[in-house]
Amino acid sequence: MTDIYSHDSYTIERVYPNCVAHVWSAWSIPEKKAKWFGGGTADMDFRIGGSERKSFRNEMGEHTNETRYFEIRDEALIVLGYSMAMNGRVHTVSLTTIAFTDENGGTRLRYTEQMCVLPPSDGAKGRSHGWGVLLDSLGSYLEEDTIANAGAMRA
(Lines give C-alpha, C1' and ligand atoms only; values in the text may rest on other atoms or scores of the structure.)
Protein backbone atom coordinates (compact mmCIF):
# COMPACT_ATOMS: atom_id res chain seq x y z
CA MET A 1 0.00 0.00 0.00
CA THR A 2 2.93 2.39 0.40
CA ASP A 3 3.18 2.60 -3.40
CA ILE A 4 0.17 4.93 -3.39
CA TYR A 5 1.37 7.15 -0.53
CA SER A 6 4.21 7.73 1.90
CA HIS A 7 4.93 9.91 4.91
CA ASP A 8 7.94 12.14 5.40
CA SER A 9 9.09 15.08 7.50
CA TYR A 10 11.86 17.64 7.73
CA THR A 11 12.92 20.64 9.81
CA ILE A 12 14.67 23.82 8.71
CA GLU A 13 16.09 26.37 11.16
CA ARG A 14 17.20 29.90 10.49
CA VAL A 15 18.48 32.59 12.84
CA TYR A 16 17.70 36.13 11.74
CA PRO A 17 19.35 39.18 13.36
CA ASN A 18 15.93 40.87 13.57
CA CYS A 19 13.78 40.84 16.71
CA VAL A 20 10.87 38.40 16.97
CA ALA A 21 8.29 41.18 16.42
CA HIS A 22 9.92 42.11 13.08
CA VAL A 23 10.12 38.50 11.85
CA TRP A 24 6.57 37.79 13.05
CA SER A 25 5.21 40.80 11.16
CA ALA A 26 6.72 39.44 7.94
CA TRP A 27 4.53 36.32 8.37
CA SER A 28 1.38 37.92 9.75
CA ILE A 29 0.90 41.08 7.66
CA PRO A 30 -0.21 40.23 4.10
CA GLU A 31 1.58 43.20 2.47
CA LYS A 32 4.85 42.20 4.11
CA LYS A 33 4.49 38.49 3.38
CA ALA A 34 3.80 39.29 -0.27
CA LYS A 35 7.27 40.84 -0.54
CA TRP A 36 9.18 37.65 0.34
CA PHE A 37 6.79 34.76 -0.27
CA GLY A 38 7.60 33.83 -3.86
CA GLY A 39 5.63 36.50 -5.64
CA GLY A 40 3.05 37.10 -2.94
CA THR A 41 -0.12 35.47 -1.74
CA ALA A 42 -3.76 35.70 -2.59
CA ASP A 43 -6.67 35.72 -0.17
CA MET A 44 -4.52 35.69 3.00
CA ASP A 45 -6.67 35.60 6.15
CA PHE A 46 -4.15 35.31 9.00
CA ARG A 47 -6.24 34.13 11.96
CA ILE A 48 -7.15 30.81 13.55
CA GLY A 49 -9.51 29.19 11.05
CA GLY A 50 -8.33 31.55 8.32
CA SER A 51 -6.91 30.46 5.00
CA GLU A 52 -4.46 31.44 2.31
CA ARG A 53 -4.14 30.50 -1.35
CA LYS A 54 -1.29 31.02 -3.77
CA SER A 55 -0.59 29.85 -7.30
CA PHE A 56 2.46 30.15 -9.48
CA ARG A 57 3.57 28.78 -12.82
CA ASN A 58 6.96 27.41 -13.86
CA GLU A 59 8.30 25.03 -16.51
CA MET A 60 6.51 22.08 -14.83
CA GLY A 61 3.09 23.74 -14.88
CA GLU A 62 0.65 25.42 -12.51
CA HIS A 63 1.33 24.97 -8.77
CA THR A 64 -1.33 25.76 -6.18
CA ASN A 65 -0.89 25.99 -2.42
CA GLU A 66 -3.98 26.00 -0.19
CA THR A 67 -3.41 26.70 3.51
CA ARG A 68 -5.55 26.68 6.67
CA TYR A 69 -4.37 28.19 9.98
CA PHE A 70 -5.09 25.99 13.02
CA GLU A 71 -3.18 27.73 15.81
CA ILE A 72 -1.59 31.17 16.09
CA ARG A 73 0.17 32.39 19.22
CA ASP A 74 1.40 35.94 18.67
CA GLU A 75 5.14 36.16 18.10
CA ALA A 76 5.60 32.51 19.11
CA LEU A 77 3.86 29.87 16.98
CA ILE A 78 1.95 29.18 13.78
CA VAL A 79 0.41 25.75 13.09
CA LEU A 80 -1.01 25.32 9.63
CA GLY A 81 -2.02 22.64 7.18
CA TYR A 82 -1.46 23.00 3.47
CA SER A 83 -1.71 21.10 0.23
CA MET A 84 0.37 21.46 -2.89
CA ALA A 85 -1.14 20.64 -6.26
CA MET A 86 0.41 20.64 -9.71
CA ASN A 87 -1.84 21.10 -12.70
CA GLY A 88 -4.85 20.49 -10.47
CA ARG A 89 -3.63 17.25 -8.79
CA VAL A 90 -2.77 17.36 -5.08
CA HIS A 91 0.57 15.60 -4.47
CA THR A 92 1.42 16.57 -0.88
CA VAL A 93 -0.68 17.39 2.18
CA SER A 94 1.23 18.75 5.17
CA LEU A 95 0.98 19.75 8.81
CA THR A 96 3.48 22.54 9.52
CA THR A 97 4.69 24.12 12.76
CA ILE A 98 6.61 27.39 12.68
CA ALA A 99 8.14 28.42 16.01
CA PHE A 100 9.67 31.83 16.74
CA THR A 101 12.04 32.25 19.70
CA ASP A 102 14.27 35.07 20.85
CA GLU A 103 17.97 34.40 20.29
CA ASN A 104 20.10 37.17 21.81
CA GLY A 105 17.83 39.86 20.39
CA GLY A 106 17.48 38.08 17.05
CA THR A 107 15.01 35.34 16.11
CA ARG A 108 15.41 31.60 15.78
CA LEU A 109 12.77 30.31 13.37
CA ARG A 110 12.15 26.56 13.40
CA TYR A 111 10.05 25.27 10.48
CA THR A 112 8.88 21.65 10.82
CA GLU A 113 6.75 19.92 8.21
CA GLN A 114 5.14 16.47 8.33
CA MET A 115 3.62 15.32 5.08
CA CYS A 116 1.64 12.72 3.23
CA VAL A 117 3.14 12.30 -0.24
CA LEU A 118 0.89 11.13 -3.09
CA PRO A 119 3.14 10.00 -5.98
CA PRO A 120 4.21 11.18 -8.40
CA SER A 121 5.66 13.99 -6.31
CA ASP A 122 8.95 15.63 -5.41
CA GLY A 123 7.92 15.07 -1.77
CA ALA A 124 10.03 16.26 1.14
CA LYS A 125 12.99 16.99 -1.13
CA GLY A 126 10.94 19.44 -3.19
CA ARG A 127 9.16 21.00 -0.20
CA SER A 128 12.37 21.44 1.82
CA HIS A 129 14.15 22.98 -1.18
CA GLY A 130 11.24 25.37 -1.79
CA TRP A 131 10.97 26.38 1.86
CA GLY A 132 14.74 26.82 2.09
CA VAL A 133 14.53 29.30 -0.79
CA LEU A 134 11.55 31.07 0.82
CA LEU A 135 13.25 31.35 4.22
CA ASP A 136 16.35 32.78 2.52
CA SER A 137 14.04 35.24 0.76
CA LEU A 138 12.57 36.15 4.15
CA GLY A 139 16.10 36.93 5.38
CA SER A 140 16.74 39.19 2.39
CA TYR A 141 13.40 40.94 2.90
CA LEU A 142 14.13 41.53 6.61
CA GLU A 143 17.55 42.98 5.75
CA GLU A 144 16.09 45.32 3.11
CA ASP A 145 13.23 46.33 5.41
CA THR A 146 15.66 47.13 8.23
CA ILE A 147 17.75 49.33 5.92
CA ALA A 148 14.64 51.09 4.55
CA ASN A 149 13.27 51.77 8.04
CA ALA A 150 16.65 53.05 9.25
CA GLY A 151 16.76 55.44 6.30
CA ALA A 152 13.20 56.61 6.99
CA MET A 153 14.09 57.31 10.63
CA ARG A 154 17.06 59.47 9.59
CA ALA A 155 14.98 61.49 7.14
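As a basis for the values below, the full set of heavy atoms in this structure was taken, side chains included, without hydrogen atoms, waters or symmetry mates.
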Please give me the minimum heavy-atom distance between Val20 and Glu75, naming the atom from each residue. CG1-O, 3.2 Å
May I ask you to say whether Asp102 pairs ionically with Arg108, meaning some side-chain N is under 4.0 Å from a carboxylate O? no
Check for me, please, whether Tyr5 and Val90 land in the same ILVMFWY cluster - side-chain distances under 4.5 Å, paths through other members count. yes
side-chain contact (heavy atoms from CB on, under 4.5 Å) between Leu138 and Leu109: does it pass, once the steps are laid out? CA-CA 11 Å; Leu138 172 60; Leu109 185 143; 4.3 Å; yes
For a side chain to side chain donor-acceptor pair (under 3.5 Å) with Thr112, tell me which candidate from Thr96, Thr97, Thr11 qualifies. Thr11
Determine, for Arg127 against Asp122, whether the closest basic-nitrogen to carboxylate-oxygen distance falls under 4.0 angstrom. yes
Verdict with reasoning, Tyr16 to Trp27, per ring-ring contact (aromatic ring centres under 6.0 Å, His included): CA-CA 14 Å; Tyr16 301 106; Trp27 284 83; 9.3 Å; no
Minimum heavy-atom separation for Val23 and Thr107, please, with both atom names. CG2-OG1, 3.6 Å
Take Glu52 and Lys54 through the test salt bridge (charged side-chain N to carboxylate O under 4.0 Å, His left out) and record every step on the way to the result. CA-CA 7 Å; Glu52 182 175 327; Lys54 176 179 180 352; over 6 Å; no
Relative to the ring of Phe37, is the ring of Trp131 parallel (under 30°), tilted (30 to 60°) or perpendicular (over 60°)? tilted
side-chain contact (heavy atoms from CB on, under 4.5 Å) between Met115 and His7, worked out: CA-CA 6 Å; Met115 66 176 53; His7 292 114; over 6 Å; no
Please report the closest heavy-atom contact between Glu113 and Ser94, naming both atoms and the distance. OE2-OG, 2.6 Å
